[in-house]
Visitor: 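My questions all concern the structure below.
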Number of protein chains: 2
Amino acid sequence: MKVKSIENPSQEDLLNILSEGLSSEAIITIFAHCRVHYDGRAKSELGNGDRVIIIKPDGSFLIHQREKREPVNWQPPGSRVSFQVEEDRVRIISVRRKPRETLEVELLKVYLASYLQAEDSEELTLMGSEAEMRDYIFENPEVIEEGFKVLFKEKPIKHGIVDLLGRDKDGNLVVLELKRRRADLHAVSQLKRYVEDLKEEHGNVRGILVAPSLTSGAKKLLEKEGLEFRRVKPPKREKAQRGKQKTLDSF
Amino acid sequence: MKVKSIENPSQEDLLNILSEGLSSEAIITIFAHCRVHYDGRAKSELGNGDRVIIIKPDGSFLIHQREKREPVNWQPPGSRVSFQVEEDRVRIISVRRKPRETLEVELLKVYLASYLQAEDSEELTLMGSEAEMRDYIFENPEVIEEGFKVLFKEKPIKHGIVDLLGRDKDGNLVVLELKRRRADLHAVSQLKRYVEDLKEEHGNVRGILVAPSLTSGAKKLLEKEGLEFRRVKPPKREKAQRGKQKTLDSF
DNA sequence: CGTGCCAGGTGCCAT
DNA sequence: ATGGCACTTGGCACG
């Protein structure tokens, strides 16, 4: 019996679903008219309305309204769930420590209470991430320019971590900042920070923003700062393997 | 009849729930053993497992595994749902245009099919955001320093938009970059970009990072760049009202 | 743990 | 639509 569900449950029914669901590490889903209070890093109030509530066995807690991809309120994994029973209503409370955050759902009317003892050992395989773009350029440095050689991947420098660090055919140090999508002002600032950092210890340093495209503002700032752009799209192929720290001595 | 649910539904039952749910603008929730394919900005595959699927009337589509706050796969609001019926299984397809993205869920076994015709007119009221911090400082500029006056809120400059722009008691232009939480390298880079921008047209410009705290790296970079820090925590009080563009002529 | 940074980020609001 | 940026960002990998 993987699943259990009760429409318009009595208070006893509801409490059964909750305790069985929690103790059996199931995913609990409740349709309810409710009100929500949150206090922690921020603070929020949500008045009465119909929502979908999900409680996962890892402590994740989601409250969804009828619109948007994002939950209106939530609690991250690791939070602890408990419930209080009052005269005519049940209150579900989720507490997170460090930072201390509490989420309180006042259930005014429950339309459906259910849980699923989910078995799932599969993990997502994702193609087209920046990590894959990095590996791709690492293996095919010529897509940046002829004679380009990679020295480091994910190299920590004074203020931050550089995606790729290499040398051009003239021996200049080259910093690459990769973006899997259209690069914006933030990306240019990031690249500029790395270039300025490295210029302090090494002579000339080139900075290249590598992305499928640029926003108008990014282009303006990039040109003003004497930085460069190479158009590269993230490859959508199966990730080969964990390409860890690659170090080629000093530089 | 706000809610409908069927445990271990027949294919006909399932199709009824889906079409009734979609046409009545309900939130549809399905517990199922399934497999998922996604292709769009990136590409992903997810093997067989038990998941919770949510389809919202605005086109939002969520697939949740038993862990994490984030859906393993999803589709944003505005996507269009349809379904294909095969011999022994149903396939739910969600398509987004611009960018073109498709999400396909192959339902191998459905444990529970349900929907809720949710009525909800309430919106979240949130306290402690950066916007509130901005309004707070706008109204109480002395929390930055004695004699500080605000000139602009959300002021667009050459490369970006400054949170707050003002003048100190000596007449120097002052840029404030606000963070509702511990400020990091990114915040410092952002502030530096604004300060450099304004220095080109105006004489001396001070940059102050306003946040509850700083990361170690942010502190180092901030000091090296001659920028300043003021410790301010975001206020958790009810938002007063929409404080729009505040312009005090030129500066 | 804190620091740094990506994300199929999402959402909001501006031009 | 594009742009610039915040978010209770979440999640991960590394020191």
Side-chain angles (χ1 to χ4, degrees), chain A residues 38-44 60 67-77 79 96 98-103 124 126-131 133-134 154 156-157 159-163 177-182 184-187 189-190 193 213-221 234 236 242 244-245, chain B residues 38-44 60 67-77 96 98-99 101-103 124 126-131 133-134 154 156-157 159-163 177-187 189-190 193 213-220 234 236 242 244-245:
Chain A
Y38 154 75
D39 197 357
R41 288 168 292 177
K43 190 174 193 306
S44 76
S60 305
E67 295 188 334
K68 297 291 143 75
R69 203 210 76 143
E70 294 302 303
V72 61
N73 279 113
W74 71 91
Q75 206 66 292
S79 310
R96 172 198 201 181
K98 239 305 194 172
R100 177 94 184 173
E101 299 196 284
T102 62
L103 181 65
L124 191 75
L126 184 70
M127 292 146 273
S129 63
E130 182 187 296
M133 205 170 151
R134 179 162 11 87
E154 298 261 283
I157 59 174
H159 303 286
I161 302 166
V162 164
D163 279 334
E177 173 57 33
L178 312 183
K179 287 297 163 207
R180 69 168 307 286
R181 58 169 187 176
R182 180 173 266 248
D184 56 13
L185 281 176
H186 172 195
S189 288
Q190 217 179 320
R193 162 155 50 94
S213 62
L214 276 179
T215 64
S216 51
K219 184 160 186 283
K220 266 201 337 193
L221 183 57
K236 278 189 196 174
R242 293 272 160 212
K244 288 291 182 193
Q245 191 87 351
Chain B
Y38 154 75
D39 196 358
R41 287 169 293 178
K43 190 173 192 308
S44 76
S60 305
E67 297 189 330
K68 300 288 144 75
R69 200 210 78 141
E70 293 302 301
V72 60
N73 279 113
W74 71 91
Q75 206 66 291
R96 172 197 201 180
K98 241 291 189 189
E101 298 195 284
T102 61
L103 181 64
L124 191 75
L126 182 71
M127 292 148 272
S129 63
E130 183 188 297
M133 205 170 152
R134 181 164 7 91
E154 298 259 282
I157 59 174
H159 304 286
I161 302 165
V162 165
D163 280 334
E177 172 56 34
L178 314 183
K179 288 296 163 206
R180 68 169 306 288
R181 61 171 184 175
R182 177 174 268 249
D184 56 13
L185 281 176
H186 173 192
S189 288
Q190 217 179 319
R193 163 156 49 97
S213 62
L214 275 180
T215 65
S216 49
K219 185 160 185 283
K220 265 200 340 191
K236 280 187 195 176
R242 292 272 160 214
K244 286 293 180 193
Q245 191 85 350

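Computed from heavy atoms alone, side chains included, the values below leave out hydrogens, waters and symmetry copies. Every chain is numbered from 1, with letters handed out A, B, ... down the list of sequences. Fair warning: this is a prediction, and the values are worked out from it, not measured in the lab.
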Visitor: Output the rounded distance in Å from CG (N73(B)) to P (dG8(C)).
Guide: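 Distance check: N73(B) CG to dG8(C) P gives 10 Å.
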
Visitor: Over all strands shown, is G160(B) touching base, sugar-phosphate only, or nothing at heavy-atom distances under 4.0 angstrom?
Guide: sugar-phosphate

Visitor: Between R193(B) (side chain only) and H159(B) (backbone N and O only), is there a donor and an acceptor less than 3.5 Å apart?
Guide: yes

Visitor: What's the CZ-P distance between R96(A) and dG10(D), to the nearest Å?
Guide: 6 Å

Visitor: Mark yes or no for whether R134(B), through its side chain, and E154(B), through its backbone, hold a donor-acceptor pair below 3.5 Å.
Guide: no

Visitor: Hey, which of these two, G217(A) or E70(B), hits DNA chain D nearer its 5' end, going by closest nucleotide?
Guide: G217(A)

Visitor: Strictly below 4.0 Å: does K98(B) bring a side-chain N or O up to OP1 or OP2 of dT2(D)?
Guide: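 It does, given that an N or O in the side chain of K98(B) lies less than 4.0 Å from OP1 or OP2 of dT2(D).
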
Visitor: Measure from the side-chain N and O atoms of R180(A) to the backbone N and O of R41(B), and report whether any donor-acceptor pair falls under 3.5 Å.
Guide: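 Pair found, side chain donor or acceptor close to backbone of R41(B).
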
Visitor: Does the side chain of S60(A) come under 3.5 Å of the side chain of R69(B) through a donor N or O and an acceptor N or O?
Guide: no

Visitor: Let me know the distance between CZ of R193(A) and P of dT3(C), rounded to the nearest Å.
Guide: 14 Å

Visitor: With a 4.0 Å cut-off on heavy atoms, is E67(B) in touch with a base, just the backbone sugar-phosphate, or nothing at all?
Guide: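 Nothing: the residue E67(B), judged by heavy atoms under 4.0 Å, touches no strand.
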
Visitor: Quickly work out the R180(B) CZ to dC7(D) P distance and round it to whole Å.
Guide: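 It is 6 Å, rounded to the nearest whole Å.
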
Visitor: Would you kindly give the CG-to-C1' distance between L124(A) and dG8(C), to the nearest whole Å?
Guide: 10 Å

Visitor: Which residues pass the side chain to side chain donor-acceptor pair (under 3.5 Å) test with S216(A), not counting sequence neighbours?
Guide: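 Checked S216(A) against side chain to side chain donor-acceptor pair (under 3.5 Å); zero matches.
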
Visitor: I'd like the P distance from dG8(C) over to dG4(D), given in whole Å.
Guide: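 It comes out at 23 Å once rounded to the nearest Å.
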
Visitor: Quick check on dG4(C): is either OP1 or OP2 less than 4.0 Å from any side-chain nitrogen or oxygen of T215(B)?
Guide: yes

Visitor: So if I take every side-chain heavy atom of L185(A) and compare against dC5(D), dT2(D), dC12(C), which nucleotide ends up nearest?
Guide: dC5(D)

Visitor: How long is the span from the OG atom in S129(B) to the CG atom in L178(B), to the nearest 0.5 Å?
Guide: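 It is 10.5 Å, given to the nearest 0.5 Å.
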
Visitor: Expressed in angstrom and rounded to an integer, what is the separation of R134(B) atom CZ from dC5(D) atom P?
Guide: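 Taking atom P of dC5(D) as the reference, CZ of R134(B) is at 12 Å.
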
Visitor: Base, sugar-phosphate, or nothing: which does Q75(B) touch, judged by heavy atoms less than 4.0 Å apart?
Guide: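 Answer is base: heavy atoms of Q75(B) come under 4.0 Å of a base.
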
Visitor: In whole angstroms, how far is the P atom of dC6(C) from the CD atom of E154(A)?
Guide: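 These atoms are roughly 9 Å apart.
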
Visitor: With a 4.0 Å cutoff (strictly under), does any side-chain N or O of R182(A) reach OP1 or OP2 of dG9(C)?
Guide: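 Negative; the distance criterion is not met.
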
Visitor: I'd like the C1' distance from dC5(D) over to dT9(D), given in whole Å.
Guide: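 These two C1' atoms come out 12 Å apart once rounded.
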
Visitor: For a quick check of understanding: with a heavy-atom distance under 4.0 Å over all strands, which category does E101(A) fall into, base, sugar-phosphate or nothing?
Guide: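 Base, at least one base atom sits under 4.0 Å.
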
Visitor: Once you round it to whole Å, what is the distance between C1' of dT2(D) and NE2 of H186(A)?
Guide: 19 Å

Visitor: Hey, is the side chain of R41(A) poking within less than 4.0 Å of OP1 or OP2 on dG10(D), counting only N and O atoms?
Guide: yes

Visitor: Considering only side-chain heavy atoms of K68(A), which listed nucleotide, dG11(C), dC7(D), dC6(C), is closest?
Guide: dG11(C)

Visitor: What contact category does P77(B) fall into here, base, sugar-phosphate, or nothing, at under 4.0 angstrom with non-hydrogen atoms?
Guide: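 Result for P77(B) = sugar-phosphate.
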
Visitor: Measuring only the C1' atom in each nucleotide, how far is dA7(C) from dG11(C)? A whole number of Å is fine.
Guide: 14 Å

Visitor: Are OP1 or OP2 of dG2(C) and a side-chain N or O of K219(B) less than 4.0 angstrom apart?
Guide: no

Visitor: Taking only side-chain N and O atoms of K179(A), does any of them lie within less than 4.0 angstrom of OP1 or OP2 on dC5(C)?
Guide: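 So the side-chain polar atoms of K179(A) never come under 4.0 Å of the phosphate oxygens OP1 or OP2 of dC5(C).
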
Visitor: Quick check on dT8(D): is either OP1 or OP2 less than 4.0 Å from any side-chain nitrogen or oxygen of R69(B)?
Guide: no

Visitor: Using the P atom in both, what is the distance from dC6(C) to dA6(D), to the nearest Å?
Guide: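 Each nucleotide's P atom is 15 Å from the other's.
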
Visitor: Would you mind classifying the nucleic acid contact of S44(B) as base, sugar-phosphate or nothing, using non-hydrogen atoms under 4.0 angstrom?
Guide: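 Counting heavy atoms under 4.0 Å across all strands, no contact is made by S44(B).
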
Visitor: Side chain of Y38(A), heavy atoms from C-beta onward: which of dA6(D), dT8(D), dG8(C) has the nearest atom to it?
Guide: dT8(D)

Visitor: Tell me which of K43(A) and V162(B) sits closer to the 5' end of DNA chain D, going by the nucleotide each one is nearest to.
Guide: V162(B)

Visitor: Name the nucleic acid region contacted by Q190(B), choosing base, sugar-phosphate or nothing; use a 4.0 angstrom heavy-atom cut-off, strictly under.
Guide: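 The answer is sugar-phosphate, as Q190(B) gets under 4.0 Å only of primed atoms, P, OP1 or OP2.
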
Visitor: Counting the atoms with a prime plus P, OP1 and OP2 as sugar-phosphate, which does G40(B) contact under 4.0 Å by heavy atoms, base, sugar-phosphate, or nothing?
Guide: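 Contact class for G40(B): none.
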
Visitor: Hey, which of these two, R181(A) or L214(B), hits DNA chain C nearer its 5' end, going by closest nucleotide?
Guide: L214(B)

Visitor: Between K179(A) and D184(A), does any side-chain N to carboxylate O distance fall below 4.0 Å?
Guide: no

Visitor: Just N and O in the side chain of W74(A): are any of them under 4.0 Å from OP1 or OP2 of dT9(D)?
Guide: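 Result: no.
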
Visitor: If you compare all heavy atoms of R96(B) against all heavy atoms of E101(B), which two are closest, and at what distance to 0.1 Å?
Guide: NH1-OE1, 2.6 Å

